[in-house]
Amino acid sequence: MDPQMNKLLKWSVQNTTQNEDGAPASKPTSNITPEMMNALFGGPSEADLMKAAMEVLHSDDSDMENKLIAFDNFEQMIEGIDNANNIEPLGLWSPLIQLLEHEDAEMRRYAAWCVGTAVQNNEKSQAKLVDLKAIPILVKVATSDSKPATRKKAVYALSSAVRNYQPTMDELVKSLPEGYTTEHVDAADMDTIDSIMDKLRSHPVDSA
């Protein structure tokens, strides 16, 4: 594994929030800032850290705890629009979308969460979901995933993806299951979008 990645992992593990019994909290958290990262690791850019996090997420050498820490760090970094827009030039969109279909529900949940964060009020990122045919994948997660928390994040990602961007809205309408609207929905029609999202949140899922 890359030495820089090892530094990132070691720091994250040591600074993961723990429960009273010493076990890691259900959602790894950190108070790290880009400035702290630069001081700690000798100046890696946020782009370097984003790439390192994605390497961890796809590495067979990383355990689930470290993967979720990497996901949490990645999500925090892409809250800024500059980093969200860097996902494409860094070549990270495809590997992120792939994780929506990961065998582990927490990995799927975090992937949907990161997608939702990246595309919120961001047409460049919204466009990538059309290019990568990610909307049907998110609809599948939102309507059939076995874990309610994962379904909830998929709906969040869809809600962020379709608002004020017609191409993703059109893709959503085409991808919705039977019983949903098949008519054109204006991407600026927030009331109709809210209604669709509410229906997705209450979509029945086979528990078998």
Side-chain angles (χ1 to χ4, degrees), residues 1-18 23-34 36-37 40-41 44-120 122 125 128-129 131-138 140-142 145-147 149-154 156-158 160-161:
M1 185 180 293
D2 184 271
Q4 191 67 38
M5 195 189 311
N6 272 329
K7 288 183 181 180
L8 176 62
L9 286 176
K10 287 178 181 178
W11 187 94
S12 297
V13 170
Q14 290 169 0
N15 289 273
T16 300
T17 300
Q18 294 188 333
S26 58
K27 179 182 183 296
T29 59
S30 68
N31 295 318
I32 193 167
T33 65
M36 291 166 62
M37 283 286 200
L40 183 63
F41 300 139
S45 67
E46 291 194 341
D48 291 332
L49 295 171
M50 289 166 64
K51 289 189 291 185
M54 192 59 68
E55 285 187 52
V56 172
L57 293 170
H58 282 271
S59 172
D60 292 335
D61 297 328
S62 301
D63 60 22
M64 187 56 62
E65 179 183 352
N66 285 326
K67 286 179 186 291
L68 295 183
I69 290 168
F71 243 146
D72 190 60
N73 290 339
F74 186 82
E75 194 275 334
Q76 289 183 53
M77 283 187 282
I78 63 173
E79 287 177 352
I81 192 167
D82 289 340
N83 283 339
N85 286 336
N86 268 340
I87 297 175
E88 180 180 3
L90 293 174
L92 301 181
W93 266 117
S94 289
L96 176 58
I97 297 302
Q98 289 170 15
L99 293 171
L100 289 170
E101 299 180 289
H102 195 278
E103 62 182 10
D104 185 88
E106 274 295 275
M107 292 288 285
R108 298 192 299 271
R109 182 175 75 89
Y110 263 99
W113 190 348
C114 287
V115 170
T117 297
V119 302
Q120 196 165 43
N122 188 334
S125 294
K128 290 305 297 180
L129 298 192
D131 294 342
L132 295 171
K133 298 178 171 53
I135 296 297
I137 299 173
L138 284 166
K140 181 180 179 181
V141 175
D145 199 275
S146 61
K147 300 296 184 181
T150 303
R151 297 197 300 272
K152 181 178 180 180
K153 286 301 181 185
Y156 158 69
L158 287 169
S160 298

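Scope of the values below: all heavy atoms of this structure, side chains included, with no hydrogens, waters or symmetry mates. Everything quoted here is computed from the prediction, not taken from an experiment.
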[X] side chain to [Y] backbone, donor-acceptor under 3.5 Å:
X	Y	value
Lys153	Cys114	no
Asp48	Ser45	yes
Arg108	His102	yes
Lys67	Leu57	yes

Do [X] and [Y] come within less than 4.5 Å of each other through their side chains, counting heavy atoms only?
X	Y	answer
Trp113	Arg109	yes
Val115	Tyr156	no
Lys140	Asp145	no
Ile137	Ile97	yes
Gln120	Glu79	no

Please give me the minimum heavy-atom distance between [X] and [Y], naming the atom from each residue.
X	Y	result
Leu158	Ala142	CD1-CB, 4.1 Å
Met50	Asn83	CE-O, 3.3 Å
Ala157	Val119	O-CG2, 4.1 Å
Ala84	Ser125	O-OG, 3.8 Å

Rounded to the nearest 0.5 Å, how far does [atom2] of [Y] lie from [atom1] of [X]?
X	Y	atom1	atom2	answer
Ile69	Asn66	CD1	CG	5.0 Å
Ile78	Glu46	CD1	CD	11.5 Å
Glu55	Leu92	CD	CG	9.5 Å

Side chain to side chain contact (heavy atoms under 4.5 Å, CB included), that's the test. Do His58 and Leu99 meet it? Break it down for me. CA-CA 9 Å; His58 282 271; Leu99 293 171; 3.7 Å; yes
Please identify each residue that fulfils salt bridge (charged side-chain N to carboxylate O under 4.0 Å, His left out) with Arg151, with sequence neighbours left out. none
Residues forming a ring-ring contact (aromatic ring centres under 6.0 Å, His included) with Phe71, sequence neighbours excluded: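 Only Tyr110 meet the ring-ring contact (aromatic ring centres under 6.0 Å, His included) criterion with Phe71.
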Would you check if there is a donor-acceptor pair between the side chains of Thr117 and Glu75 at a distance under 3.5 Å? yes
Please collect all side-chain hydrogen bond (donor to acceptor under 3.5 Å, both in side chains) contacts where either partner lies in residues 84-100, sequence neighbours excluded, each pair once.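 Sorted result for residues 84-100: Asn85-Asn122.
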